Structures are given as structure tokens and as C-alpha cells.
Amino acid sequence: MQLHNTLSGRKEDFAPLNPERVTMYVCGPTVYSFAHIGNARPAVVFDVLARVLRRRYPRVDYTRNITDIDDKINTAAAKEGVAIKVITERYTDIYHEDLDALGVARPTYEPKVTEHLAHIISMVERLIAVGAAYAAEGHVLFNVTSYAGYGELSKRDRREMIAGARVEVAPYKKDPGDFVLWKPSTPDQPGWESPWGRGRPGWHIECSAMAEALLGDTIDIHGGGHDLVFPHHENERAQSTAAHDGKTFARYWLHNGFLTMDSEKMSKSVGNVLLIREILKAAPGEAVRLALLTGHYRQPLDWNDEALADARRKLDRLYGALRDAGDVAASDAKAPDAFIAALEDDINTPAALAELFELARALNKASDAAEKAALVAQIKDAGALLGLLQQNPGEWFSQSSGTASEGPSEAEIEAALAARIAAKTAKDYKEADRIRDDLKARGVLVEDSKDGQRWRRL
RNA sequence: GGCUCGAUGGCAGAGUGGUGAUGCAGGGGACUGCAAAUCCCCGUACGUCGGUUCAAUUCCGGCUCGAGCCUCCA
């Protein structure tokens, strides 16, 4: 298997440190608001990676954290006049619901920062002990000059960064690039007791501490959105390496490209944020998932209505092939080598999808029952690796477009189809066509197959 | 300003130093009462200017354009 490593800037052969236990850490959400479609991309991409790894390795410990201590959460809680727990639990549940709809499996571990305060404090103490961090005015800061490798991941020169810095440098910092590990809380802010007084952790130390607690000092794969390379992952790397006596923190760094809206970054300031749950009102979760896998994960992906409609039509074709195969009992055939090879080549989902369509065409052409059974099994096994094609074709074609869409009920459709078959039997094609046109106008496409009429929602 | 990554046909999107993936859309045909679905066939592409090479969309360089990071951010 090959994976593109941000640290080296090239594709590398992947070999886990311990083949009996592959470890993977992906930065999860800060739960203070609804998740948008951009947040869904890493969740889906690394879900696919976990599935591919699990096919080859017996145990994959995948950790995706929930950041439930953060100043944005504090702001949201203060605004509503509730405890931060009210906010974080609400949006954690929503996050789970959204990802469930996209077929994203839960990670092995889903740690929360609030459950790891002791670990975070201990890590900060160790960093001070080894001289990589220092306390100043209630804060604890990581000294970037203590780590020679600082800047390697994001390919940045510290001196240039200072020149381009847009923020004012706090006077207690030894170096302008030093970042906060622990900061003091005022009495009205959420805080936890620590050797440096009541306060709360900085953002970067959380992930380092949770990765250490659950996966150990060195992890195989660390993933996240491309925007996290700097400063978040650069800082994590510096902290963890310093705390672990120079041991490698993450062996492979993977970053997914950004999702744009009409070629522009999705952000609240631009006002083009598209929430996962808004999209799910008008489209099935599986189509959203496929749309996210249409491009290679490292490439930017432009989100628009056409991309989603395209994904739905693709699923129509794939599920159509499965439906037309009829009731053949799937054999125990597995996804073909070319499909696996595509996914093991740095998660090349577009190439893998092309293989899937080749299988669908073969299935559409097949007449032999054994051949059909093998192809159905191959398509389903391949689909499972992508997290697709696991429902019955009938369910796919009869489901509504999304949580908010409407249309005639199945009973109404069945009644209309009965009337149409009667008209057809009487060779009253004018009436049969009228019924078909009427249903189409209401969002239901009727097709005549050799097995009789069938329908699907548009 | 610094850094990173891109630029493929009507659209989306892989890939490759020399036979133009895949899906959608389009044209033709088969099938169908007509459609739809399916199958077969077809078309149009590698930003620009140079270089290397027998041969470049594929390697190298300049340019132009685009996305992202340098501040919270997937």
C-alpha cells in the first residue's frame, strides 16, 4: 500500500510499525455548532482508509477526537447562558447523526478533551521538565526554538513566519512563534486546577495528549484537513516529539484537500457554509458520500448542485445493475484486485470507482447465473470498502430524495401502476402513457421491464 | 510578501514518455406499443511559451490563471 506523506511530500510504501496493531489518529470536530460539508470530507476519507487498512491488517485502532474544550464553545455557552456541557453534548450528538447518515463508521476511540485533563497536565509538566516549555504569567508556552525540526512538516521557515505574522506577539513569549499549552481562566470561564493555577489547555496539546494516551508515543498515521498542517500539526509534532525524548510522533501524515463552494473556500465570513443536515434534506446520504469520494482526497473538491446530482445518477447506475441481476444469491467473491490496487494506491477513489463501473457493465451483460452471482458479490464487497451499495436496490430506488422531500406514497404509486397495467392489457396505450406521465410529473419514473413495471423516485 | 498544491474533452475526474480511464451530457444503432433501463458504436482534451527526447498531455524551466496556508478553521 502506498500513502502520500505530507512530511516527505511524496508517496511512500506504507508499513505499520506493528502489523498486529495499526494506529491512526484524525483530528475531529470542535463541537460548538453544526457540522458543514467541509467537515464531512475528512470523516469520509479516513473512514475509507480505515476500511482499506482493516482488510489487510487484523487490528486498526482509529482515534478521532471530540474537542469539547475551546473558547468558541465558551462563547456559544455564554451566549445561551448554559454550561459548556450543554453545548458540547448537543453538537456531539448532531455530529454523530450527520456522519451516520453519510455511512461513516464510528472510530475505535472517540476521546473527549474533558476526559483527558490529567493526561494533558502531565504532558505539559514533562515538557517543562525537559526544557521545551516554560510558565509565564499564568500561561505555559511551548518554546519552538527547543525543537530543531520545527517547520519541517509545513515546510516553513520560522524567521519568515515572524516577518509575515499578522498577530501581535504577547510580551511574555520568549520567541514570537511560541504557542500556548495552558492558559489561565477568569472565574467566569470554564477552568481546571493545574500546577499553574486554574485554567484550560491550548488547542494543540489536546491532540498530542489524547494520541499518546490511546495510541502510544509513535503512531502510524495522522490525518486531518489540509488547513491543519500549520499550525496545528506542526505544533503537535513538536510537542509530542519533545515529550517523547525525540521519538517519531507520526510516521505518515495525511491531509485531505479543501472543499470549495463555486471555487471559493467555505467559511462563515464568506457566508457560503453548507451544513450537512441541510444537504441531507434534499439528497440521500449515500449520494453525498459518493460525491465526496468522486475526486482524489488530496485534490480540492468543488461542491455544487451538479456534483450531487451526478453522484445520484452514478448510484442509480450501480444499484440498477444490482437490481437487474435479480435474486441471484451472491457468491463469496471479493472485490477484484484492480479495485483494491486503486484504493491501496494512496486511496485513489476515482480509479476505484472506475473499476466498480466496469463490474456493473459486466453484470449488466452477464447471462450466466454463476457469473452474475460472482459479480454481485464483487460489487457489494467493493462497495463496502467505499461505504457504498449496502442497501437493497429496491430501497435505493424507492427512497425519497432526502429528509425533506415529498411525493406520492407507495400505496398511491401501486394503485396507479395497477390502473396502468389494466390499461396496457386493454391496449389502451393513451391511458397507460397518461398515468406514466402523471407519475413522472410527481417525481416517480415508471419503467417497463421484462419482469413487469417498476418505478423509482427521481 | 513568503510557502504549498493544482491547470485534462460540454461537465465531473483518473492516468500515462509512444494504443485518448470512468460517470454524466450529446449523436447513431439494437431492444420496446411508445418510453425508461440495458447493450453496441461514435465524437471532441491534456493552460501558455520554451527546453530535453526518435517521441511529451506525461520530465525540466519561465509565464498566466486558480485553490489553500502564514489568524480560529476539515
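We use all heavy atoms of the structure for the numbers below, so side chains are in, but hydrogens, waters and symmetry mates are not. Just so it is clear, the structure is predicted and the values come from calculations on it, not from any experiment.
Across the C1' atoms, B:rG1 and B:rG50 are found 28 Å apart, a figure rounded to whole Å. Nucleotides B:rA21 and B:rC41 have their P atoms positioned 13 Å apart, rounded to a whole Å. The C1' atoms of B:rG61 and B:rG43 are separated by 36 Å, rounded to the nearest whole Å. For B:rG23 and B:rU32, the P atoms lie 25 Å apart once the distance is rounded to whole Å. Rounded to the nearest Å, the gap between the P atom of B:rG9 and that of B:rU58 is 15 Å. The separation of B:rU22 from B:rU8, taken at their C1' atoms, amounts to 14 Å, rounded to a whole angstrom. Comparing B:rG17 with B:rC59, their P atoms are spaced 8 Å from each other, to the whole Å. Between B:rC24 and B:rU19, the distance separating the two P atoms is 26 Å to the nearest Å.
Residue A:Leu153 contributes atom CG, which lies 16 Å from atom P of B:rC69 at whole-angstrom precision. Atom CG in A:Leu318 sits about 13 Å away from atom C1' in B:rC24, given to the nearest Å. Put simply, NZ on A:Lys155 is 14 Å from P on B:rC3, counting in whole angstrom units. One atom, CE of A:Met261, and another, P of B:rG68, lie 13 Å apart when rounded to the nearest Å. The NE2-P distance, from A:His226 to B:rC70, rounds to 11 Å in whole Å. A:Tyr150 has its OH atom 11 Å from the C1' atom of B:rC70, to the nearest Å. Between the CZ atom of A:Arg10 and the P atom of B:rC5 there is a distance of 11 Å, rounded to whole Å. Taking atom CD of residue A:Glu152 and atom P of nucleotide B:rC70, one finds them 20 Å apart after rounding to whole Å.
For RNA chain B, the neighbouring residues in residues 363-388 of chain A, judged by any heavy atom under 4.0 Å, are A:Asn364, A:Lys365. A heavy atom closer than 4.0 Å to some atom of RNA chain B occurs in A:Arg436, A:Leu445, A:Val446, A:Glu447, A:Asp448, A:Arg454, A:Arg456, these being the qualifying members of residues 436-457 of chain A.
Within the structure, the salt bridge (charged side-chain N to carboxylate O under 4.0 Å, His left out) test picks out the following pairs touching residues 35-47 of chain A (sequence neighbours left out): A:Asp47-A:Arg51, A:Asp47-A:Arg289. Applying the salt bridge (charged side-chain N to carboxylate O under 4.0 Å, His left out) definition to pairs two or more places apart or across chains, those involving residues 90-110 of chain A are A:Arg64-A:Glu110, A:Glu80-A:Arg90, A:Glu97-A:Arg277, A:Asp98-A:Arg277, A:Asp100-A:Arg106.
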N/O-N/O pairs, protein side and nucleotides 28-31 of chain B side, under 3.5 Å:
none

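Proximity of the aromatic rings of A:His204 and A:Phe142 is defined here by a centroid distance below 6.0 angstrom, and this criterion is not met. A distance below 6.0 Å separates the ring centres of A:Tyr91 and A:Phe34.
In terms of the side-chain hydrogen bond (donor to acceptor under 3.5 Å, both in side chains) criterion, A:Glu355 has no residue partners (sequence neighbours excluded). With sequence neighbours excluded, the residues forming a side-chain contact (heavy atoms from CB on, under 4.5 Å) with A:Asn39 are A:Ala35, A:His36, listed by chain and number. Under the rule for a side-chain contact (heavy atoms from CB on, under 4.5 Å), the partners of A:Ala377 that lie at least two apart in sequence or sit in another chain are A:Ala330, A:Ser331, A:Ala333. Applying the side-chain contact (heavy atoms from CB on, under 4.5 Å) criterion to A:Lys424, with sequence neighbours excluded, gives A:Arg420, A:Ala432, A:Asp448. Scanning for side-chain contact (heavy atoms from CB on, under 4.5 Å) contacts around A:Lys174 gives A:Tyr134, A:Asn143, A:Asp178, with sequence neighbours left out.
Judged by distance alone, the side chains of A:Asn65 and A:Tyr109 never bring a donor and an acceptor atom under 3.5 Å apart. Between the side chains of A:Asp302 and A:Thr260, at least one donor-acceptor pair of N or O atoms lies under 3.5 Å.
Heavy-atom distances to RNA chain B give each of A:Arg41 and A:Glu358 a nearest nucleotide, and the one nearer the 5′ end belongs to A:Glu358. Along RNA chain B, the nucleotide nearest to A:Tyr429 and the one nearest to A:Ala40 differ in position, and the one closer to the 5' end is contacted by A:Tyr429.
In secondary-structure terms, RNA chain B builds stems of at least 3 consecutive Watson-Crick or G-U pairs, each pair having both distances under 3.5 Å, at B:1-7 with B:64-70, B:10-12 with B:22-24, B:26-30 with B:38-42, B:47-51 with B:59-63.
You'll find the side chain of A:Thr88 stays beyond 4.5 Å of the side chain of A:Ile66, heavy atoms only.
Here A:Thr30 contributes atom OG1 and A:Glu206 contributes atom CD; the two are 7.5 Å apart, rounded to the nearest 0.5 Å. Here the CG atom belonging to A:Leu214 is positioned 5.0 Å from the NE2 atom belonging to A:His116, to the nearest 0.5 angstrom. Atom CD1 of residue A:Ile379 and atom CG of residue A:Leu359 lie 5.5 Å apart, to the nearest 0.5 angstrom.
Residue contacts for A:Leu259: at a heavy-atom cut-off of 4.0 Å it reaches a base atom on one of the strands shown. Within 4.0 Å (heavy atoms only), A:Phe357 reaches sugar-phosphate atoms of the nucleic acid but no base atom. Residue-level contact check: A:Arg434 touches neither bases nor backbone, having no heavy atom under 4.0 Å from any strand.
The heavy-atom pair separating A:Ser208 from A:Gln239 by the smallest distance is OG-OE1, 2.9 Å.
Applying the 4.0 Å criterion to OP1 and OP2 of B:rG23, one finds that A:Arg312 has every side-chain N and O outside that range. Under 4.0 angstrom from either OP1 or OP2 of B:rG23 there lies at least one side-chain N or O belonging to A:Arg361. Contact annotation: A:Arg317 reaches the phosphate of B:rC39 (side-chain N/O to OP1 or OP2, under 4.0 Å).
Stacking of the aromatic ring of A:Phe258 onto the base of B:rA67 is not found under the criterion of centres within 5.5 Å and planes under 30°.
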Item to check | Contact state string [nucleotides 6-16 of chain B, B base, S sugar-phosphate only, - no protein heavy atom under 4.0 Å] | outcome: ------SSSS-

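Ring planes of A:His222 and A:Phe249: perpendicular class, angle over 60° (limits at 30 and 60°). Ring planes of A:Tyr319 and A:Phe397: perpendicular class, angle over 60° (limits at 30 and 60°).
Of all nucleotides listed (B:rC3, B:rC24, B:rG33), B:rG33 comes nearest to the side chain of A:Lys424.
Tested against A:Asp324, the residues A:Arg454, A:Lys372, A:Lys450 include a single salt bridge (Lys or Arg N to Asp or Glu O under 4.0 Å) partner, A:Arg454.
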